[in-house]
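Okay, structure first, notes after.
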Amino acid sequence: MPFTYFSCGLERERLYKIFRNSGLYDFKMDNISFEIDTINRQSLKNLSDDPFSQSVDFNTEKKENNTITVYVKFDETKENSYKKTYIFNDIFVKINDVYNRSNANVPITNNILDNIHFQYSSLPVNRNVIVRNIFIQKGQEFNTNDVEATINRLNQLGVFQFVNITFEKVKDDIDSNINFGKINCNITLNTSPKMDGIIVGDVSTSDGDYFLGFGGSLTFKNRNLFHGANQMLIRTAYSTEFRNDDLLDGTKKFYLSGNNASATAEFTFPKFIVPFKQNLFSKKTLPYTVLSFNYTLIQRLRNYSIINATGTFGYSWKETNKKFWRLNPSFLTITKVPDRLLSAAFKNKLETNSYLKNIFSDNTIYGENVTFNYKNNPDNFLPNNTALKIMFEEAGTILRGVDYLYSNITKNHIEPIAQYIKIEGDLRRYIKVNKAEWANRIMVGLGIPVGESEALPYIKRYSAGGAFSNRGWRARTLGPGRSIDTTQKLAYIDRTGDMKLEMNSEYRMNLLKLFSGVINIKGAGFVDIGNIWLYNKNSNLPGGEFQLKYLLQDLAMSAGVGLRLDFSFFVFRVDWGYPVKKPNYLSNYGFGYDKFRYGNGVYNIAIGYPF
């Protein structure tokens, strides 16, 4: 590999971590140095073997040496204890409940739990919660991994706004043993405000959905429910949307088109809630149990309304620093499309279009899912990054069994029941190219309706197009397959499918830095390829189903350029994408160079990178 001082720095840091994680508390970066040797040792060896002939070669021929030898040296410093192995001795935890004004006249309490010494005036958090999230253990060798894991986990609890860990050598052992020593660990915890509220208002626009939108939300958060570092979040939101088109009565006008309202309650517990002992799990898995409820109302005035209620119970944990899991063993979603809230014109469309009827129908979804995430470079030490996400979901099987028992007892049925299997994969690769970055993504999604279900439920279906998908099409206006929209001016109808394939490639480059790098202006060039498909054939959407022999024809392609304002904490993005290849152009595999018009391009405005 080519020699760079940067690679030497990375190797120095890697070796430093290895030694620090082996009990060497006093080991410093200064103990590691590099010696570079540019001498061509093969030429010296040949010279010693045949001095006369090699001396002639040295005078008549100059040989370029393209290799160097790098020696790693371990240097002594002023403190000879850098070779000394330390073990953790006593662990002290001091809790400062800074937001409790009544602490002034309260005596300090000192006690011990699981070999950890506690000191506090008031105890805002159950000590068992703190002990469960401290990975430093008495008698173990000093290592920075456990120290960093303790700091990160205590911060993740959300109860403490300040977490600090310091170490103190045990005086009796400083000089008594040359090879081994002991250190005490002092952990200081300052509490955060227990509760807070946030009010947010926004003005928005969405390509293909609406011209102008106004919304707001109110969020209440309790960070320490029942004094167990359990978090409760309650959120309500409302938004209204306006369109500026001729879909209402054939005359272009600005009008109110829709309302959205939602209420969410989420409870997060920093442990696994299971009907057996917690000690079966390692503390380092960083477990969470999440219970959430959501109610959503979507109104499209003069057309339809959708009511959706969802409840989810699940777990998340960290297998290693690179591998994360999320398991929802139970989720229930009930979707209603009230007939009384459908307009007469929309009812007529549902009666004549089975595709729309499948989308806008009542559903009961009960199932389970599991998600696996992998990142090869979670600490960003490597120049290139790879991320992989795999998800599997099943719904309907258990509920069908419950319905069988229920019908035998009551002679009634639970209906309608959505039954399906869903598999997703998302692979991303980011490659550094000098000061630029080449980002790539491939996403595959497959939903298989099972039993009496002809399609996936509306909320589980795939869509394509928009700022985070194929940028040559507006959001949810691409596909399925090579089908042509026969619903006539139903722009408010999302075009959805049961299957999805998408590939994106984007080259990102730095253009200009403003205000000493506070704002980084970046440019990008991109290509997006993909589409969605139906799993089952539908007569109202000919060509919408997936057929391997038409795959090349069905793939939509767009290309374009983008401009990004990177403020470090968020990115404002504008992309212009042009549909280079349209699946419903049946000639020349969809490439329509003769129909190129600048006005056919699509502008996408968004916050954050597309992937």
Side-chain angles (χ1 to χ4, degrees), residues 13-14 16-29 79 81-97 108-120 123-174 177 179-192 224 228-229 270-272 277-288 317-322 378-379:
E13 188 171 352
R14 187 186 71 86
Y16 171 73
K17 288 186 174 182
I18 290 176
F19 287 112
R20 288 277 288 178
N21 284 316
S22 301
L24 304 184
Y25 172 71
D26 285 329
F27 195 87
K28 303 291 189 298
M29 279 281 199
E79 296 183 10
S81 60
Y82 77 96
K83 294 181 181 180
K84 194 171 184 178
T85 300
Y86 285 86
I87 62 173
F88 292 120
N89 191 44
D90 290 327
I91 302 169
F92 300 90
V93 176
K94 182 179 181 181
I95 303 175
N96 299 317
D97 193 1
I108 294 177
T109 300
N110 292 277
N111 51 40
I112 300 175
L113 178 64
D114 288 352
N115 293 322
I116 296 179
H117 301 256
F118 283 88
Q119 182 185 87
Y120 53 86
L123 187 62
V125 185
N126 191 308
R127 290 180 303 158
N128 287 303
V129 176
I130 298 175
V131 169
R132 195 165 57 238
N133 292 283
I134 293 177
F135 306 117
I136 301 169
Q137 296 184 13
K138 183 175 182 177
Q140 286 189 343
E141 286 186 351
F142 169 84
N143 72 89
T144 57
N145 282 344
D146 287 346
V147 175
E148 292 173 359
T150 299
I151 294 175
N152 292 336
R153 183 57 172 174
L154 291 174
N155 277 315
Q156 288 173 2
L157 292 177
V159 182
F160 307 109
Q161 66 179 4
F162 176 78
V163 177
N164 186 46
I165 299 180
T166 59
F167 299 97
E168 181 182 1
K169 297 178 183 178
V170 178
K171 295 182 180 180
D172 294 341
D173 291 337
I174 292 178
N177 194 318
N179 298 318
F180 296 96
K182 295 179 181 180
I183 54 173
N184 291 331
C185 173
N186 301 296
I187 304 175
T188 303
L189 305 174
N190 291 356
T191 58
S192 298
N224 192 19
K271 62 180 179 180
F272 287 136
K277 292 183 178 180
Q278 293 284 321
N279 56 15
L280 294 176
F281 307 103
S282 170
K283 293 197 302 182
K284 295 184 179 181
T285 58
L286 306 183
Y288 283 102
W317 69 93
K318 180 180 179 181
E319 179 183 345
T320 67
N321 194 37
K322 299 180 179 180
D379 299 320

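Computation of the quantities below employed the complete heavy-atom set of this structure, encompassing side-chain atoms and omitting hydrogens, waters and symmetry-equivalent molecules.
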Going by the rule ring-ring contact (aromatic ring centres under 6.0 Å, His included), which residues pair with F118 if we only count those two or more places apart in sequence or in a different chain?
none
May I have the step-by-step check of side chain to side chain contact (heavy atoms under 4.5 Å, CB included) for Y120 and V125, ending in yes or no?
CA-CA 11 Å; Y120 53 86; V125 185; over 6 Å; no
Quick one: pull up CG in N164 and CD1 in I151 and give me the separation to the nearest 0.5 Å.
7.0 Å
Show me the pairs that pass salt bridge (Lys or Arg N to Asp or Glu O under 4.0 Å) and involve residues 138-156, at least two apart or across chains.
D90-K138, D146-K284
How close do N126 and N128 get, counting heavy atoms only, and between which atoms?
OD1-N, 2.8 Å
Taking all non-hydrogen atoms of both residues, which atom of P124 and which atom of D97 are closest, and how far apart?
CB-OD2, 3.8 Å
Under the side chain to side chain contact (heavy atoms under 4.5 Å, CB included) rule, what do T188 and V163 come out as? Steps first, then yes or no, please.
CA-CA 6 Å; T188 303; V163 177; over 6 Å; no
Using the side chain to side chain contact (heavy atoms under 4.5 Å, CB included) criterion, which residues pair with L157? Sequence neighbours excluded.
V129, N133, L154, V159, F160, A229, P270
In short, N111 meets R127 closest at the heavy-atom pair OD1-NH1, 3.1 Å
CG (D26) and OG1 (T85) are apart, to the nearest 0.5 Å, by 10.5 Å
Who are the side-chain hydrogen bond (donor to acceptor under 3.5 Å, both in side chains) partners of T144, not counting sequence neighbours?
N21
Measure the spacing between CZ of R132 and CG of D114 and express it to the nearest 0.5 Å.
11.0 Å
Check K94 against N96 and note the closest heavy-atom contact, atom names and distance.
CE-OD1, 3.6 Å
How about K318 and T285: do any of their side-chain heavy atoms sit closer than 4.5 Å?
no
Would you compute the distance between atom CD1 of I91 and atom CD1 of I165 and round it to the nearest 0.5 angstrom?
9.5 Å
Closest approach of Y86 to K182 (non-hydrogen atoms, all atoms of both residues)
CD2-N, 3.7 Å
Please enumerate all residues that pass side-chain hydrogen bond (donor to acceptor under 3.5 Å, both in side chains) together with S192, with sequence neighbours excluded.
none
For the atom pair CD1 (I130) and OG1 (T150), what is the distance rounded to the nearest 0.5 Å?
12.5 Å
Tell me, please, which residues at least two apart from F142 pass ring-ring contact (aromatic ring centres under 6.0 Å, His included).
Y25, F88, F167
Measure the CG-OG1 distance between N224 and T191 for me, rounded to the nearest 0.5 Å.
9.0 Å
Please give me the minimum heavy-atom distance between F27 and Y16, naming the atom from each residue.
O-CE1, 3.4 Å
What residues, two or more places apart in sequence or in another chain, satisfy side-chain hydrogen bond (donor to acceptor under 3.5 Å, both in side chains) together with N186?
none
Matching residue for V93 among L113, V131, I116 - test: side-chain contact (heavy atoms from CB on, under 4.5 Å)
I116
Sequence neighbours left out, what passes side-chain hydrogen bond (donor to acceptor under 3.5 Å, both in side chains) with N184? Give chain and number order.
N89
In the structure I gave you, are the side-chain heavy atoms of I108 and Q119 within less than 4.5 Å of one another anywhere?
yes
